[in-house]
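Note that the structure is a prediction, hence the values are computed from the model and not measured. Both counts, for ligands and for their atoms, begin at 1 and track the order of listing.
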Amino acid sequence: METITSSKQAIALEEKYGAHNYHPLPVVLSKGEGVFLWDVEGKRYYDFLSAYSAVNQGHCHPRIKESMIEQLGSLTLTSRAFYNDVLGPFEKYITEYFGFEMVLPMNTGAEGVETALKLARKWGYERKGVAENQAKIIVAENNFHGRTTTIISFSNDANARKSFGPFTDGFIRIPYDDISALESALSQEGVVAFLVEPIQGEAGVYTPADDYIRKAKEACASKNVLLIADEIQTGVARTGSLLAVCGNCTCQGHCERQESYTKPDILILGKALSGGFYPVSAVLADKEIMEVIKPGQHGSTFGGNPLGVKVAMTALEVVRDEKLALNARKLGQIFRSRMTKAIQKYPIAKLVRGKGLLNAVVINDTSESSTAWDICVRLAENGLLAKPTHGNIIRFAPPLVITEEQLHECCDIIEGVLREFSK
Ligand SMILES: *Cc1c(COP(=O)(O)O)cnc(C)c1O
């Protein structure tokens with residue numbers, strides 16, 4: 001292997017030998033610890049992307065690392081052709097943790113979404129009595145649920161879809177955060193589920209009305225339609241509660257679900273479920289739904305492997321023991337209040353929105369301009385890594401282990417750059 005001694009060299013290799021399916025900021029990282037990342041030249045950065053919220057627990061968390069090393073010494077993969085001695089304990093742990101009866105483990109987020117779609121369709125045919133091949137699933141405009149052919153079939157992102165057809169049928173797209181649009185879609189024949197993100201992360205941290213998910217669940221329940229919550233990005237403490245569907249409950253998952261909690265029929269988790277160590281996703285549901293899947297009808301060679309599920313259990317323990325949801329809630333309020341003030345002074349930014357430590361600042365420029373990108377390049381020069389999302393929006397999502405002092409330092413950096421761009 002070629003040894004990397006400079007950022008330029010690493011970027012040249014990726015440019016030449018790797019598919020160009022991403023457009024990274026020109027920073028080459030080689031080390032991470034907690035809220036920090038270091039590039040190959042040794043420059044330190046605050047991480048304000050957290051691998052799209054996969055490292056809520058902070059980079060290379062020592063406890064998760066220990067647990068992974070321990071498991072590496074005994075068993076990594078058996079496939080599901082046999083039982084293994086970690087999967088059962090994991091299944092008990094995660095279902096109790098999130099309050100569901102059963103779980104189906106997969107690896108990536110997109111696989112979790114595919115699993116939920118298959119589960120909902122099969123439930124629709126076998127339990128609801130929908131005519132074969134007629135099942136419909138409602139989705140929201142500007143959704144992001146992953147990159148498989150079926151998932152892009154119901155996306156309205158032209159760049160994600162162009163030249164990848166033909167697409168999978170059976171989806172109805174409605175505006176996000178619009179209960180009456182949902183109600184009218186629910187009256188169509190054959191609807192089995194509504195798939196939704198409680199906050200649309202990739203769309204630019206679009207945060208709906210506080211009661212949107214609760215009302216969506218009520219509307220779905222009245223038509224015997226499943227509510228599928230994609231919490232791959234919002235879940236695992238990111239938005240200041242264990243799940244975004246927990247509303248304002250701060251229990252860290254210990255409570256007898258409080259009033260603000262809306263239980264989805266199917267919950268999809270990924271990303272921070274394993275704290276960034278290993279791809280682990282999970283689909284949770286109660287027995288009545290999960291039992292429609294029989295042997296041979298769904299699976300994955302790596303899904304439920306002992307290494308992944310051991311890591312996931314420890315990653316969830318860390319979330320609870322370190323009270324990451326409470327920290328996200330408290331520091332998120334500080335972040336938004338500082339940014340709200342900054343926006344009044346610096347006209348280059350026009351809006352801050354979000355929940356917990358999933359936030360975005362909307363830049364005051366056209367969606368085609370490169371201003372958000374240029375601001376992110378400047379932030380990186382000043383030691384803070386963030387990335388624009390769709391249009392001119394910058395997402396700010398640090399690891400949830402960030403301290404109040406560190407957050408203030410980061411707000412100073414961001415404000416300094418907004419000031420520069422407002423001149
Ligand atoms: C990241 C993400 C996915 C896809 O997860 P992958 O692991 O990248 O396949 C799906 N849904 C949401 C909301 C996401 O943020």
Handout entry: Contact check, F144 vs ligand 1, heavy-atom distance below 4.0 Å
Key = yes
Practice task
Please determine which of L87, V86, V311 meets the side chain to side chain contact (heavy atoms under 4.5 Å, CB included) test together with P306.
Solution key: V86
Practice task
Pick, from Q233, R147, K271, the option with the minimum heavy-atom distance to atom 3 (C) of ligand 1.
Solution key: K271
Exercise for the section: Quick one: look up the protein heavy atom nearest atom 5 (O) of ligand 1 and list residue, atom name and how far away it is. Expected result: G109 CA, 3.3 Å
Practice task
Go through the side-chain N and O atoms of D39 and S7 and say whether any donor and acceptor fall under 3.5 Å apart.
Solution key: no
Practice task
State whether Y261 and K263 meet the cation-pi test: NZ (Lys) or CZ (Arg) under 6.0 Å from the six-membered ring centroid, and within 45° of the perpendicular axis.
Solution key: no
Handout entry: Where ligand 1 meets A110 - atom numbers and elements under 4.0 angstrom, heavy-atom basis
Key = 4 (C), 5 (O), 6 (P), 9 (O)
Practice task
Show your reasoning for whether side-chain hydrogen bond (donor to acceptor under 3.5 Å, both in side chains) applies to D157 and H390.
Solution key: CA-CA 10 Å; D157 177 346; H390 283 88; 3.0 Å; yes
Problem - N/O separation below 3.5 Å, V113 to ligand 1 - result: no
Problem - Pair F36 and Y46, ring centroids less than 6.0 Å apart - result: yes
Practice task
Could you verify whether a donor N or O on one side chain and an acceptor N or O on the other, from Q233 and E202, lie under 3.5 Å apart?
Solution key: yes
Handout entry: Ligand-side contact atoms (ligand 1) for residue partner D230, heavy atom cut-off under 4.0 Å
Key = 10 (C), 11 (N), 12 (C), 13 (C)
Problem - Is_contact(atom 8 (O) of ligand 1), protein non-hydrogen, under 4.0 Å - result: no
